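What follows is one structure encoded as structure tokens, with my remarks underneath.
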Amino acid sequence: MLASLLTATLFWADIGPKQALVCPPAAITQCLATLPDKVRQQLPSDKTRYSDALALRAAMAIPVNDPAIAGIVLWAPEQLASSQSALWNGQVYQLPLEQQPLLTLWHELGHLEIKRLQGSVLPINLTTLEYEWLADCYMTWRSAKSTGTLALAWQQYDRRNLGVITDIDNLSHWSALYLLPVLTDYSAAQIASFPTFKDFVADFFPKVHRFDNDAVAEFSSLLQRVFGSGSVHPLPGYMFWRRPALGQILRPTFSRLMGESAAKKWLQQQRMLTQTPFIGSGI
């Protein structure tokens, strides 16, 4: 499936009851010509706007208002790296990325489906982080349906953790903060059993603990203190009340990349190890 997608020029993708047109940036003229007039009129006519908006990203979704078409997805999978890495504990740890172009496509399709569900099973107003973690939940649902496992969802989870460790500007995409209770409280079979993403959202969203802006800001400060390039001297007492929760979010990723024993030792040194249930769990 992935090979055929990577060689395609443009194609339609099913998303809920609608479709999205997936467009390589170089084929934007052809993509726009493929759309009905009433849809095309909602999109920029200047072709350079699309490449400028995409910049160095691999994909982005642009929603439209139409009963049959959810929007378009600009998709440049060649810009995706084949691995993700991060530095901590005096060592660079690397995560190979399997089928990442497909996961990125599912994530962007998720943005369009989330837009459709706002005002029904989802709130009308969502933060940027909520858009991102819900899009990763859509990706999780699609991957469970497609593969019957959560391996690709856990890969995305690890990728998000490594991303925010490497660059705090990735905080808006730090879906691991919310994915952990979903991935630990649902099996792949349970997720795949939901016939639509709307059904899945209706089940998990009301139960997930949502962090307010102050809590997210505290996580940001702690991440920068622990992993920032200027953090020379460890301060294990800094923001001690957030450390156990951060440790729980990082532990699955660190255990996979460092090994369970080394991960446990590092988390203990940072006062992030806890035996209490995850703070966001309630599913």
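Predicted, not measured: the structure shown is a model, and the values here were computed from it. Numbers here are sequence positions counted from 1.
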Can you tell me how far apart [atom1] ([X]) and [atom2] ([Y]) are? Round to the nearest 0.5 Å.
{"X": "Q84", "Y": "R160", "atom1": "CD", "atom2": "CZ", "result": "9.0 Å"}
{"X": "E132", "Y": "H173", "atom1": "CD", "atom2": "NE2", "result": "3.5 Å"}
{"X": "L95", "Y": "Y157", "atom1": "CG", "atom2": "OH", "result": "13.0 Å"}
{"X": "K47", "Y": "T29", "atom1": "NZ", "atom2": "OG1", "result": "5.0 Å"}
{"X": "W75", "Y": "L10", "atom1": "CH2", "atom2": "CG", "result": "12.0 Å"}
{"X": "D66", "Y": "Q19", "atom1": "CG", "atom2": "CD", "result": "11.0 Å"}

Common cluster, [X]/[Y], ILVMFWY with side-chain heavy-atom separation under 4.5 Å:
{"X": "L246", "Y": "W241", "answer": "yes"}
{"X": "L32", "Y": "W12", "answer": "yes"}
{"X": "L87", "Y": "W174", "answer": "no"}
{"X": "L267", "Y": "F240", "answer": "yes"}
{"X": "L109", "Y": "F11", "answer": "yes"}

Do the non-hydrogen side-chain atoms of [X] and [Y] ever get within less than 4.5 Å of each other?
{"X": "W106", "Y": "L103", "answer": "yes"}
{"X": "E218", "Y": "F211", "answer": "no"}
{"X": "F204", "Y": "F194", "answer": "no"}
{"X": "L43", "Y": "I62", "answer": "yes"}
{"X": "S221", "Y": "M239", "answer": "yes"}
{"X": "L35", "Y": "I72", "answer": "yes"}
{"X": "C137", "Y": "L179", "answer": "yes"}
{"X": "V226", "Y": "M272", "answer": "yes"}

So does [Y] get a backbone contact from the side chain of [X], meaning a donor-acceptor N/O pair under 3.5 Å?
{"X": "T147", "Y": "A144", "result": "no"}
{"X": "E108", "Y": "A61", "result": "yes"}
{"X": "Q155", "Y": "E98", "result": "yes"}
{"X": "Q42", "Y": "N65", "result": "yes"}
{"X": "R243", "Y": "Q270", "result": "yes"}
{"X": "S255", "Y": "P252", "result": "no"}
{"X": "N161", "Y": "I249", "result": "yes"}
{"X": "S146", "Y": "R142", "result": "no"}
{"X": "T166", "Y": "S85", "result": "yes"}
{"X": "K18", "Y": "A68", "result": "no"}

Over all heavy atoms of both residues, which pair between [X] and [Y] is shortest? Give the atoms and the distance, please.
{"X": "T127", "Y": "E130", "value": "N-OE1, 2.8 Å"}
{"X": "S175", "Y": "L129", "value": "N-CD1, 4.5 Å"}
{"X": "F205", "Y": "L134", "value": "CD1-CD2, 3.9 Å"}
{"X": "A13", "Y": "V22", "value": "CB-CG2, 4.1 Å"}
{"X": "L180", "Y": "Q248", "value": "CD2-O, 3.4 Å"}
{"X": "L97", "Y": "A81", "value": "CD1-O, 3.7 Å"}

More than 12 heavy atoms of other groups within 6.0 Å of [X] [atom1]:
{"X": "D212", "atom1": "CG", "answer": "yes"}
{"X": "K145", "atom1": "NZ", "answer": "yes"}
{"X": "D52", "atom1": "CG", "answer": "yes"}

(request) Using side chain to side chain donor-acceptor pair (under 3.5 Å) as the criterion, list what pairs up with Y50, not counting sequence neighbours. (result) none
Going by the angle between their ring planes, with limits at 30° and 60°, are [X] and [Y] parallel, tilted or perpendicular?
{"X": "Y178", "Y": "W133", "value": "parallel"}
{"X": "Y138", "Y": "W141", "value": "tilted"}
{"X": "W88", "Y": "W266", "value": "perpendicular"}

(message) Salt bridge or not between R251 and E260? Use side-chain N to carboxylate O under 4.0 Å.
(response) yes
(request) Before giving the answer on side-chain contact (heavy atoms from CB on, under 4.5 Å), spell out for H111 and K115 the whole-Å C-alpha distance, their side-chain angles and the decisive distance to 0.1 Å. (result) CA-CA 6 Å; H111 278 297; K115 185 74 173 177; over 6 Å; no
(request) Show the numbers, then the answer: is there a side-chain contact (heavy atoms from CB on, under 4.5 Å) between D203 and Y186? (result) CA-CA 11 Å; D203 193 74; Y186 288 90; 2.4 Å; yes
(request) Decide yes or no on side-chain contact (heavy atoms from CB on, under 4.5 Å) for T253 and I165, but give the supporting numbers first. (result) CA-CA 11 Å; T253 299; I165 288 171; over 6 Å; no
(request) Can you spot which of L257, D167, L250 makes a side chain to side chain contact (heavy atoms under 4.5 Å, CB included) with L162? (result) L257
(request) Consider only side-chain N and O atoms of S220 and Q224, and report whether a donor and an acceptor are under 3.5 Å apart. (result) yes
(request) Could you give me the CA-CA distance, side-chain angles and deciding distance for L74 and I28, then say whether side-chain contact (heavy atoms from CB on, under 4.5 Å) is met? (result) CA-CA 8 Å; L74 297 177; I28 190 62; 3.9 Å; yes
